[in-house]
Amino acid sequence: MSSPAATGHKGETDQVDLKPVIKDEPGAGLITIAVTSQTFADAYFAIKPGVRLRRVMDLYCGKYSLDPRTVKFIDDEGRFVRPEQPAEEAGLEDGGSISLAIDQQGGAGAGAGICVD
């Protein structure tokens, strides 16, 4: 066995061996998407295109103490974004955004038990 002094490295490691090998595969990179809201601050997330959007939705709702069942996420074209959809299936690309809409239940309509004399 040779010592580091005998090989001339003096305890240094070869940096080439420490770098991970990254293959150029489609979808291997990260995309950045923004979640926008009229009520709360915008948030930016860097995710892989194949990640289900539930993770983004849960993180955003957790950050602002929202119940995920009371909000809806809408893409730029006005379509609802489902939590089980991956970002690529929802049509989100790098720099894309989804909007948050707070789901409103109830409300009194005409003739909903209000009597005006």
Side-chain angles (χ1 to χ4, degrees):
M1 233 180 174
S2 62
S3 68
T7 59
H9 290 294
K10 297 183 183 177
E12 296 176 10
T13 58
D14 189 4
Q15 292 297 320
V16 176
D17 294 337
L18 298 178
K19 293 181 182 178
V21 176
I22 301 173
K23 297 179 181 178
D24 291 330
E25 297 176 2
L30 297 177
I31 61 170
T32 303
I33 61 169
V35 178
T36 60
S37 170
Q38 291 181 342
T39 310
F40 303 103
D42 295 349
Y44 298 89
F45 298 92
I47 62 171
K48 291 183 179 179
V51 169
R52 298 194 190 280
L53 291 173
R54 176 173 303 283
R55 293 181 69 187
V56 172
M57 294 173 179
D58 288 344
L59 284 170
Y60 188 86
C61 289
K63 181 176 182 174
Y64 293 107
S65 302
L66 298 169
D67 184 355
R69 296 173 295 177
T70 63
V71 295
K72 303 290 183 205
F73 291 87
I74 304 167
D75 68 6
D76 291 335
E77 297 176 7
R79 296 178 301 210
F80 288 110
V81 177
R82 296 185 321 269
E84 62 275 357
Q85 280 183 301
E88 60 190 0
E89 183 182 308
L92 292 171
E93 297 177 352
D94 192 29
S97 68
I98 53 177
S99 300
L100 173 87
I102 298 175
D103 195 20
Q104 183 175 347
Q105 297 290 326
I114 300 174
C115 293
V116 179
D117 288 325

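Start at 1 with the first residue, then count along the sequence.
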Discussion item. Can you list everything that forms a ring pair (Phe, Tyr, Trp, His ring centres under 6.0 Å) with Tyr64? Sequence neighbours excluded, please.
Written reply: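 Expected list: Phe40, Tyr60.
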Item to complete: Could I get the full list of ring pair (Phe, Tyr, Trp, His ring centres under 6.0 Å) partners for Phe45, not counting sequence neighbours?
Response: none
Worksheet item: Mind checking whether Leu30 and Leu59 sit in one hydrophobic cluster, side chains of I, L, V, M, F, W, Y counted as touching below 4.5 Å?
Response: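 The answer is no; the residues belong to distinct hydrophobic clusters.
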At their closest point, which heavy atom of [X] faces which heavy atom of [Y], and how far apart are they?
X	Y	answer
Pro68	Cys61	CA-SG, 3.9 Å
Ile74	Val81	C-CG2, 4.1 Å
Gly29	Pro49	O-CD, 3.2 Å

Worksheet entry | For Thr70, side chain to side chain contact (heavy atoms under 4.5 Å, CB included) partners two or more places apart | Asp67
Worksheet entry | Test log, rule side-chain contact (heavy atoms from CB on, under 4.5 Å), inputs Leu100 and Leu66 | CA-CA 11 Å; Leu100 173 87; Leu66 298 169; 4.0 Å; yes
Side-chain donor-acceptor distances from residues 50-57 under 3.5 Å, at least two apart:
from: Arg52; atom 1: NH1; to: Glu84; atom 2: O; distance (Å): 2.7

Who are the side chain to side chain donor-acceptor pair (under 3.5 Å) partners of [X], not counting sequence neighbours?
X	value
Ser37	none
Glu77	Arg79
Asp58	none

Practice prompt. Please step through side-chain contact (heavy atoms from CB on, under 4.5 Å) for the pair Ile31 and Ile47, ending with a clear verdict.
Written response: CA-CA 5 Å; Ile31 61 170; Ile47 62 171; 4.0 Å; yes
Just distance, no hydrogens or angles: give the donor-acceptor pairs under 3.5 Å from side chains in residues 89-96, sequence neighbours left out.
from: Glu89; atom 1: OE2; to: Arg82; atom 2: NH2; distance (Å): 3.3
from: Asp94; atom 1: OD1; to: Thr32; atom 2: N; distance (Å): 2.8

Fill in: Gap between atom CD1 of Ile33 and atom OG1 of Thr36 - 0.5 Å precision
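Those atoms lie 10.5 Å apart.
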Response to the item:
Contacts satisfying ring pair (Phe, Tyr, Trp, His ring centres under 6.0 Å) that involve residues 68-93 (not counting sequence neighbours) are none
